[in-house]
Amino acid sequence: MWLSLVGKDVVVELKNDLSICGTLHSVDQYLNIKLTDISVTDPEKYPHMLSVKNCFIRGSVVRYVQLPADEVDTQLLQDAARKEAMQQKQ
Amino acid sequence: MVLLKSVPPPTEGVRHEQAETTAIMDGKGLGCGTLYVAETRLSWFDGSGMGFSLEYPSIGLHAISRDLSAYPQEHLYVMVNAKLSDENEAEMAENVHDDDEDASSGGEDDDDDEEGVITEIRFVPSDKAALESMFSAMCECQALHPDPEDDDSDNDFEGEEYDVEEAVPEHGQGDVPTFYTYEEGLSALTQEGQATLERLEGMLAQSVAQQYHMAGVRTDESNAEFEDGMEVDAGTTVAGQFEDADVDH
């Protein structure tokens with residue numbers, strides 16, 4: 001599911017209220033996220049960080065990831081999530 | 001304040017070592033020293049042997065900053081989910097909340113919840129070309145320290161909680177459909193299955209001829225093992241099948 005999102009622009013909101021916009025470079029099994037081409041979304045929520053190129057975000061600090069609605073096939077996402085949930089149970 | 005301890009630098013599992021690296025913690029310069037990106041923790045020590053260590057689970061984010069207009073030097077930015085105090089290392093994130101003076105993120109300290117306490121550290125190497133490998137080494141080490149997730153882990157395929165009852169759609173049986181041998185099947189029969197078996201056996205008993213004793217031995221009598229109880233006219237079958245085989249030369 002995540003693999004289809006690589007290359008898309010996402011906004012990652014962290015649990016400490018920081019929001020970072022960038023291009024999803026990669027995701028690993030722990031949902032650690034690598035973003036490239038970071039930019040500011042919400043200056044108030046944006047850390048003193050400044051504009052970085054590459055950023056690695058630990059999975060445990062991510063509150064959620066905002067996906068651009070038009071770039072994501074929600075039906076596909078639902079199906080994939082359902083499949084994963086069923087696979088989990090086996 | 002700033003945590004500086006006299007702890008020996010890590011000797012094992014050092015993925016990357018970067019000398020001549022200045023450390024700035026929450027805007028306070030700590031001087032020039034050596035950064036050790038080890039598999040166990042991230043450490044930095046200055047020339048006199050004083051330094052600090054960070055546990056990877058406490059590092060929320062790290063990044064390479066190349067924008068000189070925002071900060072005058074290219075550096076490795078590290079955001080730690082904790083406030084570093086004198087006694088504690090970065091693990092003790094929950095406790096420390098009394099720091100007002102550390103303007104880590106501008107005006108953000110007001111609406112602090114337990115997650116909002118962070119420390120920003122910048123590592124400025126004299127060799128800017130090393131930033132990529134410093135970044136990569138940290139990424140690798142982060143992957144070595146995943147968080148234990150207690151709930152809703154979609155990466156876990158252990159699945160002991162598989163509820164068979166709700167997974168099987170109304171078959172009346174709690175078992176994954178499979179084929180049983182006769183012996184196994186007998187013991188695994190449900191009540192319904194048992195009733196079915198008795199019924200079929202009754203049908204078999206009725207349709208079988210006297211000579212049918214041993215399974216597998218094909219007598220002239222009909223093979224009565226068909227479940228639908230269809231009777232086969234043995235005579236016709238035998239004669240019909242081998243009609244052309246009995247031609248006398």
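None of these values were measured; they are calculated from a predicted model. We use all heavy atoms of the structure for the numbers below, so side chains are in, but hydrogens, waters and symmetry mates are not. We name chains A, B, ... by the order of the sequence lines, and we start the count at 1 in each one.
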Determine whether more than 12 heavy atoms belonging to other residues, nucleotides or ligands lie under 6.0 Å from atom CD of Glu20(B). no
Non-hydrogen side-chain atoms of Leu61(B) and Leu18(A) separated by less than 4.5 Å: no
Is the number of heavy atoms from other residues, nucleotides or ligands under 6.0 Å of His16(B) NE2 greater than 12? yes
With a 4.5 Å limit on heavy-atom distance, are the side chains of Asn81(B) and Asn16(A) in contact? yes
Closest non-hydrogen atoms of Cys139(B) and Phe56(A), given as atom of the first, atom of the second and distance, are SG-CD1, 3.3 Å
Mind listing the closest non-hydrogen atom pair of Asp147(B) and Arg58(A) along with its distance? OD1-NH2, 2.8 Å
What's the separation between atom CZ in Arg66(B) and atom CG in Asn54(A), rounded to the nearest 0.5 Å? 7.5 Å
Considering only heavy atoms, which portion of Ile33(A) lies under 4.5 Å from any heavy atom of chain B: side chain, backbone, both, or neither? neither
Once side chain to side chain donor-acceptor pair (under 3.5 Å) is applied, do any residues pair with Ser69(B), and if so which ones, sequence neighbours excluded? Asp67(B)
CD1 of Ile57(A) to CE of Met79(B), rounded to nearest 0.5 Å, is 8.0 Å
Residues of residues 123-136 of chain B with a heavy atom under 4.5 Å from any heavy atom of chain A, in residue-number order, are Glu132(B), Phe135(B)
